[in-house]
Protein chains: 2
Amino acid sequence: MGASSSTRDRILEASLGLFNADGPASVSTHRIAAEVGISPGNLHYHFRSKPLIVERLFIRFETQLQSSVDASMSVMAIDDLWLTLHLTFETVDAYRFVFRDIDQVMRGCPGLEERVKALTARCLAASKASCASLATAGVLSASESAVEMLAVQFVFGITCWYSFNRLMPRPSAHYGEAARGAYYCLSLLEPHVVGEARDYLNYLRAKYLR
Amino acid sequence: MGASSSTRDRILEASLGLFNADGPASVSTHRIAAEVGISPGNLHYHFRSKPLIVERLFIRFETQLQSSVDASMSVMAIDDLWLTLHLTFETVDAYRFVFRDIDQVMRGCPGLEERVKALTARCLAASKASCASLATAGVLSASESAVEMLAVQFVFGITCWYSFNRLMPRPSAHYGEAARGAYYCLSLLEPHVVGEARDYLNYLRAKYLR
DNA sequence: GTCTATATGCGGATAGAC
DNA sequence: GTCTATCCGCATATAGAC
(Lines give C-alpha, C1' and ligand atoms only; values in the text may rest on other atoms or scores of the structure.)
Protein backbone atom coordinates (compact mmCIF):
# COMPACT_ATOMS: atom_id res chain seq x y z
CA MET A 1 0.00 0.00 0.00
CA GLY A 2 3.07 2.22 0.16
CA ALA A 3 4.19 3.09 -3.34
CA SER A 4 0.77 2.17 -4.68
CA SER A 5 -1.27 4.67 -2.77
CA SER A 6 1.44 7.22 -3.39
CA THR A 7 0.97 6.91 -7.12
CA ARG A 8 -2.77 7.05 -6.62
CA ASP A 9 -2.40 10.26 -4.70
CA ARG A 10 -0.09 11.76 -7.25
CA ILE A 11 -2.65 11.00 -9.92
CA LEU A 12 -5.34 12.72 -7.90
CA GLU A 13 -3.16 15.70 -7.19
CA ALA A 14 -2.11 16.13 -10.79
CA SER A 15 -5.69 15.69 -11.96
CA LEU A 16 -6.89 18.32 -9.54
CA GLY A 17 -4.36 20.80 -10.85
CA LEU A 18 -5.20 20.13 -14.48
CA PHE A 19 -8.95 20.10 -13.88
CA ASN A 20 -8.74 23.40 -12.06
CA ALA A 21 -6.76 24.87 -14.91
CA ASP A 22 -8.67 23.57 -17.93
CA GLY A 23 -11.77 21.72 -16.81
CA PRO A 24 -12.14 17.93 -16.63
CA ALA A 25 -13.52 17.62 -20.14
CA SER A 26 -10.45 19.26 -21.65
CA VAL A 27 -7.98 17.12 -19.76
CA SER A 28 -7.22 13.74 -21.30
CA THR A 29 -6.05 10.74 -19.34
CA HIS A 30 -2.90 10.82 -21.45
CA ARG A 31 -2.16 14.30 -20.23
CA ILE A 32 -2.71 13.35 -16.62
CA ALA A 33 -0.39 10.38 -17.02
CA ALA A 34 2.24 12.57 -18.63
CA GLU A 35 1.93 15.09 -15.82
CA VAL A 36 2.41 12.38 -13.22
CA GLY A 37 5.21 10.82 -15.24
CA ILE A 38 3.60 7.42 -15.72
CA SER A 39 2.11 5.60 -18.69
CA PRO A 40 -1.56 5.83 -19.67
CA GLY A 41 -1.86 2.11 -19.03
CA ASN A 42 -0.62 2.52 -15.51
CA LEU A 43 -3.08 5.28 -14.87
CA HIS A 44 -5.89 3.00 -15.88
CA TYR A 45 -4.58 0.45 -13.48
CA HIS A 46 -5.17 2.86 -10.63
CA PHE A 47 -8.37 4.38 -11.96
CA ARG A 48 -10.31 2.25 -14.37
CA SER A 49 -12.02 5.26 -15.84
CA LYS A 50 -11.70 9.02 -15.80
CA PRO A 51 -15.01 9.67 -14.03
CA LEU A 52 -13.68 7.71 -11.07
CA ILE A 53 -10.94 10.30 -10.68
CA VAL A 54 -13.46 13.10 -10.81
CA GLU A 55 -15.67 11.31 -8.34
CA ARG A 56 -12.84 10.74 -5.90
CA LEU A 57 -11.83 14.39 -6.04
CA PHE A 58 -15.40 15.43 -5.53
CA ILE A 59 -15.68 13.32 -2.40
CA ARG A 60 -12.62 15.03 -0.98
CA PHE A 61 -14.10 18.38 -1.83
CA GLU A 62 -17.45 17.47 -0.35
CA THR A 63 -15.91 16.50 2.95
CA GLN A 64 -13.73 19.56 3.16
CA LEU A 65 -16.46 22.00 2.20
CA GLN A 66 -18.84 20.41 4.62
CA SER A 67 -16.52 20.97 7.54
CA SER A 68 -15.70 24.53 6.45
CA VAL A 69 -19.35 25.33 6.26
CA ASP A 70 -20.29 23.58 9.46
CA ALA A 71 -17.84 25.78 11.30
CA SER A 72 -19.81 28.84 10.23
CA MET A 73 -23.02 27.81 11.90
CA SER A 74 -22.02 28.88 15.36
CA VAL A 75 -20.49 32.27 14.58
CA MET A 76 -21.33 34.96 17.08
CA ALA A 77 -19.34 37.86 15.67
CA ILE A 78 -18.59 39.21 12.26
CA ASP A 79 -14.91 38.41 12.36
CA ASP A 80 -15.74 34.79 13.16
CA LEU A 81 -17.83 34.76 10.03
CA TRP A 82 -14.98 36.33 8.11
CA LEU A 83 -12.70 33.52 9.19
CA THR A 84 -15.06 30.72 8.24
CA LEU A 85 -15.96 32.37 4.96
CA HIS A 86 -12.31 32.62 4.15
CA LEU A 87 -11.87 28.96 4.92
CA THR A 88 -14.85 28.07 2.78
CA PHE A 89 -13.62 30.07 -0.18
CA GLU A 90 -10.21 28.53 0.12
CA THR A 91 -11.78 25.11 -0.14
CA VAL A 92 -13.88 26.10 -3.12
CA ASP A 93 -10.79 27.62 -4.67
CA ALA A 94 -8.70 24.51 -4.12
CA TYR A 95 -11.34 22.46 -5.97
CA ARG A 96 -12.64 25.24 -8.10
CA PHE A 97 -13.29 23.00 -11.09
CA VAL A 98 -16.23 21.43 -9.26
CA PHE A 99 -18.57 24.41 -9.25
CA ARG A 100 -17.04 26.12 -12.24
CA ASP A 101 -17.43 23.09 -14.51
CA ILE A 102 -20.38 21.63 -12.70
CA ASP A 103 -22.08 20.62 -15.92
CA GLN A 104 -19.09 18.61 -17.13
CA VAL A 105 -18.76 17.01 -13.72
CA MET A 106 -22.41 16.01 -13.60
CA ARG A 107 -22.46 14.79 -17.17
CA GLY A 108 -19.43 12.57 -16.58
CA CYS A 109 -20.64 11.28 -13.22
CA PRO A 110 -24.42 11.20 -13.26
CA GLY A 111 -24.56 9.95 -9.69
CA LEU A 112 -22.96 13.15 -8.47
CA GLU A 113 -25.80 15.45 -9.40
CA GLU A 114 -27.87 14.65 -6.35
CA ARG A 115 -24.89 14.91 -4.05
CA VAL A 116 -23.97 18.31 -5.41
CA LYS A 117 -27.48 19.51 -4.82
CA ALA A 118 -27.50 18.04 -1.34
CA LEU A 119 -24.21 19.72 -0.60
CA THR A 120 -25.57 23.02 -1.85
CA ALA A 121 -28.63 22.58 0.30
CA ARG A 122 -26.49 21.98 3.37
CA CYS A 123 -24.50 25.09 2.54
CA LEU A 124 -27.73 27.01 2.40
CA ALA A 125 -28.85 25.68 5.76
CA ALA A 126 -25.50 26.52 7.32
CA SER A 127 -25.52 30.00 5.83
CA LYS A 128 -28.97 30.62 7.14
CA ALA A 129 -27.95 29.41 10.57
CA SER A 130 -24.92 31.67 10.66
CA CYS A 131 -26.87 34.73 9.57
CA ALA A 132 -29.62 33.97 12.04
CA SER A 133 -27.00 33.51 14.71
CA LEU A 134 -25.53 36.92 13.98
CA ALA A 135 -28.99 38.45 14.06
CA THR A 136 -29.64 36.91 17.45
CA ALA A 137 -26.30 38.17 18.69
CA GLY A 138 -27.33 41.66 17.70
CA VAL A 139 -24.68 42.08 15.05
CA LEU A 140 -27.27 42.19 12.31
CA SER A 141 -30.62 43.84 12.20
CA ALA A 142 -32.47 41.74 9.68
CA SER A 143 -35.94 40.34 9.31
CA GLU A 144 -36.45 36.65 8.80
CA SER A 145 -36.95 37.10 5.09
CA ALA A 146 -33.83 39.25 4.93
CA VAL A 147 -31.85 36.48 6.60
CA GLU A 148 -33.25 34.02 4.08
CA MET A 149 -32.20 36.27 1.25
CA LEU A 150 -28.74 36.76 2.71
CA ALA A 151 -28.25 33.02 2.97
CA VAL A 152 -29.14 32.55 -0.68
CA GLN A 153 -26.71 35.27 -1.63
CA PHE A 154 -23.99 33.60 0.41
CA VAL A 155 -24.47 30.26 -1.30
CA PHE A 156 -24.64 31.99 -4.64
CA GLY A 157 -21.29 33.54 -3.83
CA ILE A 158 -19.74 30.34 -2.55
CA THR A 159 -20.78 28.32 -5.57
CA CYS A 160 -20.45 30.81 -8.40
CA TRP A 161 -18.08 33.57 -7.34
CA TYR A 162 -15.09 32.12 -9.14
CA SER A 163 -17.02 31.73 -12.36
CA PHE A 164 -18.18 35.30 -12.11
CA ASN A 165 -14.76 36.53 -11.23
CA ARG A 166 -13.40 35.40 -14.58
CA LEU A 167 -15.81 37.67 -16.38
CA MET A 168 -14.87 40.76 -14.47
CA PRO A 169 -12.13 43.31 -15.15
CA ARG A 170 -9.52 42.01 -12.73
CA PRO A 171 -9.72 38.44 -14.03
CA SER A 172 -7.39 35.81 -12.63
CA ALA A 173 -5.90 37.98 -9.96
CA HIS A 174 -2.95 37.30 -7.76
CA TYR A 175 -2.92 35.70 -4.37
CA GLY A 176 -6.02 36.99 -2.69
CA GLU A 177 -8.72 35.14 -4.65
CA ALA A 178 -10.27 33.45 -1.66
CA ALA A 179 -10.05 36.59 0.40
CA ARG A 180 -11.81 38.63 -2.23
CA GLY A 181 -14.58 36.06 -2.51
CA ALA A 182 -15.01 35.99 1.23
CA TYR A 183 -15.01 39.76 1.29
CA TYR A 184 -17.74 39.85 -1.32
CA CYS A 185 -19.96 37.66 0.85
CA LEU A 186 -19.18 39.58 3.98
CA SER A 187 -19.98 42.87 2.36
CA LEU A 188 -23.45 41.55 1.58
CA LEU A 189 -24.11 42.11 5.26
CA GLU A 190 -23.41 45.81 4.94
CA PRO A 191 -26.99 47.04 4.76
CA HIS A 192 -27.92 45.11 7.91
CA VAL A 193 -24.90 45.42 10.10
CA VAL A 194 -25.23 47.57 13.21
CA GLY A 195 -22.89 48.99 15.81
CA GLU A 196 -19.13 48.68 15.80
CA ALA A 197 -19.24 45.66 13.49
CA ARG A 198 -19.57 48.28 10.79
CA ASP A 199 -16.05 49.45 11.50
CA TYR A 200 -14.71 45.99 10.89
CA LEU A 201 -16.45 45.91 7.54
CA ASN A 202 -14.93 49.23 6.57
CA TYR A 203 -11.53 47.99 7.60
CA LEU A 204 -11.89 44.99 5.30
CA ARG A 205 -13.20 47.14 2.48
CA ALA A 206 -10.09 49.27 2.55
CA LYS A 207 -8.06 46.10 2.32
CA TYR A 208 -9.82 44.08 -0.36
CA LEU A 209 -11.94 46.38 -2.43
CA ARG A 210 -9.99 48.51 -4.75
CA MET B 1 -29.41 33.95 -50.98
CA GLY B 2 -32.91 32.63 -50.29
CA ALA B 3 -32.71 28.94 -49.48
CA SER B 4 -29.08 29.32 -48.54
CA SER B 5 -29.49 31.76 -45.70
CA SER B 6 -32.53 29.83 -44.56
CA THR B 7 -30.44 26.72 -44.03
CA ARG B 8 -27.85 28.82 -42.30
CA ASP B 9 -30.46 30.13 -39.94
CA ARG B 10 -31.86 26.71 -39.28
CA ILE B 11 -28.37 25.52 -38.39
CA LEU B 12 -27.97 28.39 -35.97
CA GLU B 13 -31.35 27.84 -34.43
CA ALA B 14 -30.80 24.11 -33.97
CA SER B 15 -27.33 24.71 -32.58
CA LEU B 16 -28.67 27.19 -30.09
CA GLY B 17 -31.22 24.70 -28.83
CA LEU B 18 -28.69 21.91 -28.51
CA PHE B 19 -26.03 24.14 -26.96
CA ASN B 20 -28.51 25.40 -24.41
CA ALA B 21 -29.49 21.85 -23.57
CA ASP B 22 -26.11 20.12 -23.41
CA GLY B 23 -23.34 22.66 -23.82
CA PRO B 24 -21.37 23.28 -27.03
CA ALA B 25 -18.64 20.79 -26.15
CA SER B 26 -21.13 17.95 -25.85
CA VAL B 27 -22.85 18.69 -29.13
CA SER B 28 -21.22 17.24 -32.23
CA THR B 29 -21.61 18.67 -35.69
CA HIS B 30 -23.18 15.38 -36.68
CA ARG B 31 -25.90 15.91 -34.14
CA ILE B 32 -26.56 19.44 -35.29
CA ALA B 33 -26.78 18.26 -38.87
CA ALA B 34 -29.16 15.47 -37.88
CA GLU B 35 -31.30 17.94 -35.95
CA VAL B 36 -31.53 20.23 -38.94
CA GLY B 37 -32.11 17.32 -41.27
CA ILE B 38 -29.05 17.87 -43.47
CA SER B 39 -25.78 16.02 -43.96
CA PRO B 40 -22.63 16.77 -41.98
CA GLY B 41 -20.93 17.73 -45.21
CA ASN B 42 -23.59 20.28 -45.94
CA LEU B 43 -23.24 21.75 -42.49
CA HIS B 44 -19.55 22.29 -43.10
CA TYR B 45 -20.41 24.02 -46.30
CA HIS B 46 -22.30 26.65 -44.33
CA PHE B 47 -19.99 26.79 -41.35
CA ARG B 48 -16.45 25.68 -41.97
CA SER B 49 -15.92 24.90 -38.30
CA LYS B 50 -17.95 24.54 -35.16
CA PRO B 51 -16.44 27.54 -33.39
CA LEU B 52 -17.81 29.70 -36.17
CA ILE B 53 -21.31 28.63 -35.18
CA VAL B 54 -20.61 29.43 -31.56
CA GLU B 55 -19.15 32.75 -32.53
CA ARG B 56 -22.12 33.69 -34.67
CA LEU B 57 -24.53 32.84 -31.88
CA PHE B 58 -22.49 34.83 -29.44
CA ILE B 59 -22.65 37.88 -31.66
CA ARG B 60 -26.42 37.64 -31.73
CA PHE B 61 -26.47 37.29 -27.98
CA GLU B 62 -24.11 40.18 -27.52
CA THR B 63 -26.29 42.49 -29.57
CA GLN B 64 -29.49 41.45 -27.86
CA LEU B 65 -28.10 41.64 -24.34
CA GLN B 66 -26.59 45.00 -25.06
CA SER B 67 -29.92 46.48 -26.04
CA SER B 68 -31.71 44.87 -23.09
CA VAL B 69 -29.19 46.30 -20.74
CA ASP B 70 -29.06 49.69 -22.36
CA ALA B 71 -32.77 50.03 -21.78
CA SER B 72 -32.21 49.74 -18.05
CA MET B 73 -29.98 52.77 -17.77
CA SER B 74 -32.78 55.29 -17.82
CA VAL B 75 -35.20 53.65 -15.39
CA MET B 76 -36.90 56.04 -13.02
CA ALA B 77 -39.15 53.64 -11.13
CA ILE B 78 -38.85 50.18 -9.74
CA ASP B 79 -41.36 48.63 -12.11
CA ASP B 80 -39.39 50.01 -15.05
CA LEU B 81 -36.40 48.18 -13.67
CA TRP B 82 -38.48 45.07 -13.26
CA LEU B 83 -39.40 45.20 -16.91
CA THR B 84 -35.88 45.66 -18.19
CA LEU B 85 -34.50 43.03 -15.83
CA HIS B 86 -37.09 40.63 -17.12
CA LEU B 87 -36.07 41.41 -20.65
CA THR B 88 -32.42 40.95 -19.79
CA PHE B 89 -32.98 37.60 -18.13
CA GLU B 90 -35.05 36.43 -21.05
CA THR B 91 -32.14 37.20 -23.33
CA VAL B 92 -29.66 35.42 -21.08
CA ASP B 93 -32.08 32.52 -20.88
CA ALA B 94 -32.49 32.31 -24.63
CA TYR B 95 -28.71 32.03 -24.99
CA ARG B 96 -28.07 30.51 -21.63
CA PHE B 97 -25.22 28.33 -22.88
CA VAL B 98 -23.02 31.41 -23.22
CA PHE B 99 -22.60 32.25 -19.55
CA ARG B 100 -23.28 28.76 -18.27
CA ASP B 101 -20.58 27.17 -20.43
CA ILE B 102 -18.42 30.23 -20.68
CA ASP B 103 -15.22 28.21 -20.33
CA GLN B 104 -16.08 25.95 -23.25
CA VAL B 105 -17.07 28.95 -25.31
CA MET B 106 -13.86 30.80 -24.59
CA ARG B 107 -11.70 27.74 -25.11
CA GLY B 108 -13.27 27.06 -28.50
CA CYS B 109 -13.19 30.68 -29.61
CA PRO B 110 -10.20 32.39 -27.99
CA GLY B 111 -11.05 35.70 -29.56
CA LEU B 112 -14.32 35.82 -27.64
CA GLU B 113 -12.80 36.11 -24.20
CA GLU B 114 -12.17 39.82 -24.46
CA ARG B 115 -15.59 40.47 -25.92
CA VAL B 116 -17.28 38.59 -23.11
CA LYS B 117 -15.39 40.64 -20.57
CA ALA B 118 -16.20 43.83 -22.39
CA LEU B 119 -19.85 42.87 -22.49
CA THR B 120 -19.79 42.13 -18.78
CA ALA B 121 -18.16 45.46 -18.13
CA ARG B 122 -20.89 47.24 -20.08
CA CYS B 123 -23.50 45.35 -18.09
CA LEU B 124 -21.85 46.58 -14.95
CA ALA B 125 -21.83 50.14 -16.14
CA ALA B 126 -25.48 49.94 -17.12
CA SER B 127 -26.44 48.35 -13.82
CA LYS B 128 -24.64 51.06 -11.94
CA ALA B 129 -26.37 53.70 -13.99
CA SER B 130 -29.79 52.23 -13.35
CA CYS B 131 -29.22 51.93 -9.61
CA ALA B 132 -27.84 55.42 -9.45
CA SER B 133 -30.82 56.63 -11.42
CA LEU B 134 -33.20 55.06 -8.94
CA ALA B 135 -31.29 56.58 -6.08
CA THR B 136 -31.55 60.00 -7.67
CA ALA B 137 -35.25 59.47 -8.22
CA GLY B 138 -35.64 58.80 -4.53
CA VAL B 139 -36.72 55.20 -4.94
CA LEU B 140 -33.57 53.96 -3.27
CA SER B 141 -31.71 55.27 -0.32
CA ALA B 142 -28.21 54.05 -0.96
CA SER B 143 -24.74 55.44 -0.61
CA GLU B 144 -22.42 55.50 -3.57
CA SER B 145 -20.61 52.41 -2.37
CA ALA B 146 -23.93 50.65 -1.84
CA VAL B 147 -24.91 51.45 -5.41
CA GLU B 148 -21.59 50.06 -6.58
CA MET B 149 -22.20 46.89 -4.62
CA LEU B 150 -25.72 46.55 -5.94
CA ALA B 151 -24.49 46.85 -9.50
CA VAL B 152 -21.98 44.07 -8.96
CA GLN B 153 -24.69 41.88 -7.50
CA PHE B 154 -26.91 42.57 -10.49
CA VAL B 155 -24.24 41.54 -12.95
CA PHE B 156 -23.45 38.53 -10.85
CA GLY B 157 -27.09 37.58 -11.09
CA ILE B 158 -27.37 38.26 -14.80
CA THR B 159 -24.31 36.22 -15.66
CA CYS B 160 -24.48 33.37 -13.16
CA TRP B 161 -28.02 33.01 -11.92
CA TYR B 162 -28.88 30.17 -14.28
CA SER B 163 -25.81 28.22 -13.26
CA PHE B 164 -26.65 28.71 -9.63
CA ASN B 165 -30.25 27.81 -10.18
CA ARG B 166 -29.30 24.31 -11.27
CA LEU B 167 -27.67 23.66 -7.93
CA MET B 168 -30.67 24.66 -5.91
CA PRO B 169 -33.67 22.57 -4.85
CA ARG B 170 -36.11 23.62 -7.56
CA PRO B 171 -33.69 22.89 -10.43
CA SER B 172 -34.77 23.30 -14.02
CA ALA B 173 -38.17 24.75 -13.32
CA HIS B 174 -40.98 25.40 -15.72
CA TYR B 175 -41.78 28.59 -17.54
CA GLY B 176 -40.90 31.27 -15.07
CA GLU B 177 -37.10 31.00 -15.14
CA ALA B 178 -36.47 34.50 -16.42
CA ALA B 179 -39.02 35.95 -14.04
CA ARG B 180 -37.44 34.27 -11.05
CA GLY B 181 -34.00 35.48 -12.06
CA ALA B 182 -35.27 38.99 -12.49
CA TYR B 183 -37.05 38.76 -9.17
CA TYR B 184 -33.85 37.70 -7.47
CA CYS B 185 -32.08 40.79 -8.75
CA LEU B 186 -34.92 43.07 -7.89
CA SER B 187 -35.12 41.75 -4.37
CA LEU B 188 -31.51 42.75 -3.89
CA LEU B 189 -32.87 46.27 -3.66
CA GLU B 190 -34.99 45.38 -0.66
CA PRO B 191 -32.70 46.78 2.05
CA HIS B 192 -32.50 50.13 0.27
CA VAL B 193 -35.91 50.66 -1.14
CA VAL B 194 -38.02 53.39 0.43
CA GLY B 195 -41.62 54.51 0.28
CA GLU B 196 -44.38 52.81 -1.68
CA ALA B 197 -41.89 51.05 -3.94
CA ARG B 198 -41.63 48.60 -1.07
CA ASP B 199 -45.21 47.52 -1.70
CA TYR B 200 -44.40 46.64 -5.26
CA LEU B 201 -41.53 44.48 -4.04
CA ASN B 202 -43.82 42.67 -1.64
CA TYR B 203 -46.32 42.11 -4.40
CA LEU B 204 -43.64 40.49 -6.54
CA ARG B 205 -42.37 38.45 -3.64
CA ALA B 206 -45.78 36.88 -3.14
CA LYS B 207 -45.78 36.01 -6.80
CA TYR B 208 -42.32 34.60 -7.40
CA LEU B 209 -40.82 33.57 -4.11
CA ARG B 210 -42.28 30.42 -2.74
C1' DG C 1 -26.37 23.56 -52.16
C1' DT C 2 -26.54 19.15 -50.96
C1' DC C 3 -25.18 14.57 -50.84
C1' DT C 4 -21.97 10.18 -49.87
C1' DA C 5 -17.76 8.56 -48.67
C1' DT C 6 -13.66 9.03 -46.43
C1' DA C 7 -9.34 10.88 -44.28
C1' DT C 8 -7.30 12.09 -40.02
C1' DG C 9 -6.61 12.48 -35.33
C1' DC C 10 -7.57 11.99 -30.54
C1' DG C 11 -9.33 10.19 -26.32
C1' DG C 12 -10.74 6.30 -23.46
C1' DA C 13 -9.83 1.85 -22.46
C1' DT C 14 -7.71 -3.06 -22.86
C1' DA C 15 -4.10 -6.94 -23.43
C1' DG C 16 -0.26 -8.90 -22.27
C1' DA C 17 4.85 -8.63 -21.38
C1' DC C 18 8.05 -7.40 -17.75
C1' DG D 1 2.84 -1.86 -10.44
C1' DT D 2 4.41 -0.43 -14.50
C1' DC D 3 5.30 -0.56 -19.21
C1' DT D 4 4.37 -0.89 -24.58
C1' DA D 5 1.36 -1.71 -28.08
C1' DT D 6 -3.04 -1.64 -29.76
C1' DC D 7 -8.11 -1.56 -30.42
C1' DC D 8 -12.20 0.98 -30.77
C1' DG D 9 -15.19 4.72 -31.30
C1' DC D 10 -16.17 9.37 -32.11
C1' DA D 11 -15.69 14.06 -33.84
C1' DT D 12 -13.84 17.35 -37.02
C1' DA D 13 -13.08 18.21 -41.45
C1' DT D 14 -12.33 17.20 -46.56
C1' DA D 15 -13.04 15.33 -51.46
C1' DG D 16 -15.62 14.85 -55.09
C1' DA D 17 -20.06 13.35 -57.31
C1' DC D 18 -24.71 15.07 -58.25
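Just so we're on the same page: letters track the sequence lines, and every chain starts at 1.
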In numerical order, the residues of residues 13-38 of chain A whose heavy atoms come under 4.0 Å of DNA chain C are V27(A), S28(A), T29(A), H30(A)

Sorted by chain and residue number, the side-chain contact (heavy atoms from CB on, under 4.5 Å) partners of E13(A) (sequence neighbours excluded) come out as none

Sorted by chain and residue number, the side-chain contact (heavy atoms from CB on, under 4.5 Å) partners of T84(B) (sequence neighbours excluded) come out as A71(B), S72(B), V75(B), L81(B)

Among [options], which nucleotide has an atom closest to any side-chain atom of [X]?
X: S49(B); options: dG12(C), dG1(C), dA13(D); value: dA13(D)
X: R48(A); options: dT14(C), dT2(D), dG1(C); value: dT14(C)
X: Y45(A); options: dG1(C), dT12(D), dT2(D); value: dT2(D)
X: H44(A); options: dA13(C), dC3(C), dT12(D); value: dA13(C)

Which atom pair, heavy atoms only, marks the closest approach of [X] to [Y]?
X: L57(B); Y: Y95(B); answer: O-CE2, 3.6 Å
X: R122(B); Y: V69(B); answer: O-CG1, 4.3 Å
X: V27(A); Y: K50(A); answer: O-NZ, 2.9 Å

Spacing between [X] atom [atom1] and [N] atom [atom2], to the nearest angstrom:
X: K50(B); N: dT14(D); atom1: NZ; atom2: P; result: 15 Å
X: L52(B); N: dT12(D); atom1: CG; atom2: C1'; result: 13 Å
X: N42(A); N: dA15(C); atom1: CG; atom2: C1'; result: 15 Å
X: L43(A); N: dG11(C); atom1: CG; atom2: P; result: 14 Å
X: R8(A); N: dT2(D); atom1: CZ; atom2: C1'; result: 16 Å
X: F47(B); N: dG1(C); atom1: CZ; atom2: P; result: 13 Å

Next item on the list: May I ask you to decide if A129(B)'s main-chain N or O and S133(B)'s side chain share a donor-acceptor pair within less than 3.5 Å?
Entry: no

Return a table of donor-acceptor pairs under 3.5 angstrom between the side chains of residues 97-107 of chain A and protein atoms on other chains or two or more places apart.
from    : atom 1 : to      : atom 2 : distance (Å)
R100(A) : NH1    : N20(A)  : O      : 2.7
R100(A) : NH2    : F19(A)  : O      : 2.9
R100(A) : NH2    : N20(A)  : O      : 3.0
D103(A) : OD2    : Q104(B) : NE2    : 3.1
Q104(A) : OE1    : A25(A)  : N      : 2.8
Q104(A) : NE2    : D103(B) : OD2    : 3.1
R107(A) : NE     : S26(B)  : OG     : 3.2
R107(A) : NH2    : D22(B)  : O      : 2.7

Open item on the list: Would you say that K117(A) contacts L167(B) through its side chain, given a criterion of any heavy-atom pair below 4.5 Å between the two side chains?
Closed with: no

Solution key, residues 156-163 of chain A side-chain donor-acceptor pairs under 3.5 Å, sequence neighbours excluded:
from    : atom 1 : to      : atom 2 : distance (Å)
T159(A) : OG1    : V155(A) : O      : 2.8
T159(A) : OG1    : F156(A) : O      : 3.3
Y162(A) : OH     : F89(A)  : O      : 3.2

Between G41(B) and G41(A), the residue closer to the 5' end of DNA chain C by nearest nucleotide is G41(B)

The bend of the helix from dG1(C)-dC18(D) to dC18(C)-dG1(D), taken between the axes of its five terminal pairs at each end and rounded to 10°, is 10°

